[in-house]
J.: 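Dumping the structure here so I can ask a few things about it.
First the proteins, then the strands, lettered A, B, ... as listed; each starts at 1.
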2 protein chains.
Amino acid sequence: MFSKACEYGIRASIFIAEQSLLDCKVSLKDVADAIESPAAYTSKILQKLSKSKLINSDKGPTGGFSMDKTQLEQVKLSTIVYAIDGEAIYNGCGLGLKNCNASKPCPVHDQFKVIREELKKMLESTLVKTLAVDLEKGLTFLKR
Amino acid sequence: MFSKACEYGIRASIFIAEQSLLDCKVSLKDVADAIESPAAYTSKILQKLSKSKLINSDKGPTGGFSMDKTQLEQVKLSTIVYAIDGEAIYNGCGLGLKNCNASKPCPVHDQFKVIREELKKMLESTLVKTLAVDLEKGLTFLKR
DNA sequence: CTAATAATGGATAAATTTATCCATTATTTA
DNA sequence: TAAATAATGGATAAATTTATCCATTATTAG
Ligand code: FES
Ligand code: FES
């Protein structure tokens, strides 16, 4: 469904959000440990999220990654997915034709459209912060 | 969503189904031309579908790929996807944890489950033959 | 039986994605 | 100001996916 990079990105964001709700900054290592991901690769992904202003990053001692109030209120799953995987998931054709196009539809266009719209709606209506709250409550898990 | 191989596989199947409904066998080249895919790569995919008994293939002159009555009645999108991409799409975790597991759910488990179930239902309720009929009518397209 | 045809299978190659390494930069504390 | 810390950026490397090439096998028609 999503690329590995995107999966890591979502998991990392949820962890950072959780810790930010507890007023804690986290280091790259914290993140990699929490989501069980390769640190260096995760670093690249966090850089991308940071450049897209979805998370903050600070250098030096006391540095680390965090999300501020505004980010916590605004960053949705869709924001993350878009920043990492781009818009392919929204307007890509399910059978790989370039661009889904209703006026020259592929054989599964009608069926796919429904699913894709559901997915889109879901991603757009889910705040990372909300997921972080459940994580903090111990209801969900970032690794296994 | 699906791998390129799976996209080619679905498009190829629909084309073969369409031609089989018209009682025509098609060669590898016919398929690759019809779906605008690299022939040699497509060949590998068709071999896989053939070994899974989803399509027939015959060597020699008058050979080619085809689907018989039974295959046309039985092969669904889900059959193709399963043969090529495996079951990952059905029981894989949306965030990449190994196996979706409701008793130790990832943060998006509930949301994802809904989407995945929709997708599954859609794939399982769509016969390749049905898609082939619309293609034959000129209502849908395999390339663009 | 021969020649032509078309799929098959194995070996590679190219491209993309995922992952690692390390020197550099910015920041903080002592 | 020096030392320690943590992210950054660039260069590679490994792994996976996608794609190509070619010799072989099976089949058909002449
Ligand atoms: S054209 Fe293929 S999904 Fe719309
Ligand atoms: S555990 Fe992640 S989708 Fe079910």
J.: Can you find a side chain N or O atom of B:Gln47 that sits less than 4.0 Å from OP1 or OP2 on C:dA7?
T.: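 For C:dA7, neither OP1 nor OP2 has a side-chain N or O of B:Gln47 closer than 4.0 Å.
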J.: OP1 or OP2 of C:dT8 less than 4.0 angstrom from a side-chain nitrogen or oxygen of B:Ser57, does that happen here?
T.: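 For C:dT8, OP1/OP2 do have a side-chain N/O of B:Ser57 under 4.0 Å.
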J.: At under 4.0 Å between heavy atoms, what does B:Val31 touch on the DNA or RNA strands: base, sugar-phosphate, or nothing?
T.: nothing
J.: Between C:dT20, D:dA29, D:dT8, which one does the side chain of A:Ser43 approach most closely?
T.: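 So the side chain of A:Ser43 is nearest to D:dT8.
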J.: Where do B:Val128 and B:Leu77 come nearest, in terms of heavy atoms and distance?
T.: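 Heavy-atom minimum between the residues: CG2-N, 4.3 Å.
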J.: Classify A:Lys29 by what it touches in the nucleic acid, base, sugar-phosphate, or nothing, heavy-atom distance under 4.0 Å.
T.: nothing
J.: Using the six-membered ring wherever Trp is involved, compare the ring planes of A:Tyr90 and A:Tyr82 and label them parallel, tilted or perpendicular (cut-offs 30° and 60°).
T.: parallel
J.: In this structure, how many angstroms lie between the C1' atom of C:dT17 and the CZ atom of A:Phe2, rounded?
T.: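 Distance check: A:Phe2 CZ to C:dT17 C1' gives 17 Å.
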J.: How close do A:Cys93 and A:Leu97 get, heavy atom to heavy atom, and via which atoms?
T.: CB-O, 3.2 Å
J.: Among D:dT20, C:dT18, D:dA26, which nucleotide sits nearest the side chain of A:Ala5?
T.: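 Of D:dT20, C:dT18, D:dA26, C:dT18 is nearest to the side chain of A:Ala5.
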J.: Are A:Val26 and A:Phe141 connected in a single hydrophobic cluster, I mean Ile/Leu/Val/Met/Phe/Trp/Tyr linked by side-chain heavy atoms less than 4.5 Å apart?
T.: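 Not linked; separate clusters.
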J.: Expressed in angstrom and rounded to an integer, what is the separation of B:Leu46 atom CG from C:dT8 atom P?
T.: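 Result: 8 Å.
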J.: Report the distance from atom CG of A:Asn56 to atom P of D:dA6, rounded to the nearest whole Å.
T.: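 Distance check: A:Asn56 CG to D:dA6 P gives 18 Å.
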J.: Would you tell me if any nitrogen or oxygen in the side chain of B:Tyr41 comes within less than 4.0 Å of OP1 or OP2 on D:dT17?
T.: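 Negative; the distance criterion is not met.
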J.: Can you work out whether A:Ala40 or A:Asp58 has the more 5'-proximal nearest nucleotide on DNA chain C?
T.: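 Looking at the nearest nucleotide for each, A:Ala40 comes out on the 5' side.
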J.: Within this structure, what is the NZ-to-P distance between B:Lys4 and C:dT16, rounded to whole angstrom?
T.: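 Going from NZ in B:Lys4 over to P in C:dT16 covers 11 Å.
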J.: Closest to the B:Lys44 side chain: C:dT8, C:dG10, D:dT28?
T.: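 Nearest to the side-chain atoms of B:Lys44, counting from C-beta on, is C:dG10.
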J.: Expressed as a whole number of angstroms, how long is the span from A:Asp33:CG to D:dA6:P?
T.: 13 Å
J.: For the side chain of A:Gln19 and the backbone of A:Ser66, is there at least one donor-acceptor N/O pair under 3.5 Å apart?
T.: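 Side chain of A:Gln19 to backbone of A:Ser66: no pair is present.
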J.: Taking the side chain of A:Ser3 as heavy atoms from C-beta outward, which of C:dT27, C:dT18, D:dA19 is closest to it?
T.: C:dT18
J.: Whom does C:dC22 pair with, Watson-Crick or G-U wobble, provided both distances fall under 3.5 Å?
T.: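 Pairing partner, where one exists within any strand: D:dG9.
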J.: So, is A:Lys51 close to the D:dG9 phosphate, meaning a side-chain N or O under 4.0 Å from OP1 or OP2?
T.: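 For D:dG9, OP1/OP2 do have a side-chain N/O of A:Lys51 under 4.0 Å.
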J.: Given D:dT8, C:dT20, D:dA19, identify the nucleotide with an atom nearest to the side chain of A:Pro38.
T.: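 Nucleotide nearest to A:Pro38's side chain: C:dT20.
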J.: What is the separation between atom OH on A:Tyr8 and atom C1' on C:dA19, rounded to the nearest whole Å?
T.: 9 Å
J.: Of the nucleotides C:dT5, D:dA4, C:dT20, which has the atom closest to the A:Pro61 side chain?
T.: D:dA4
J.: Apply side-chain hydrogen bond (donor to acceptor under 3.5 Å, both in side chains) to the pair B:Asp134 and B:Thr140, showing each step before the final yes or no.
T.: CA-CA 6 Å; B:Asp134 281 353; B:Thr140 60; 5.9 Å; no
J.: When the distance from CG of A:Asp30 to C1' of D:dA7 is rounded to whole Å, what number comes out?
T.: 13 Å
J.: In whole Å, I'd like the distance from the NZ atom of B:Lys25 to the P atom of D:dT27.
T.: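 After rounding, the gap between these two atoms is 11 Å.
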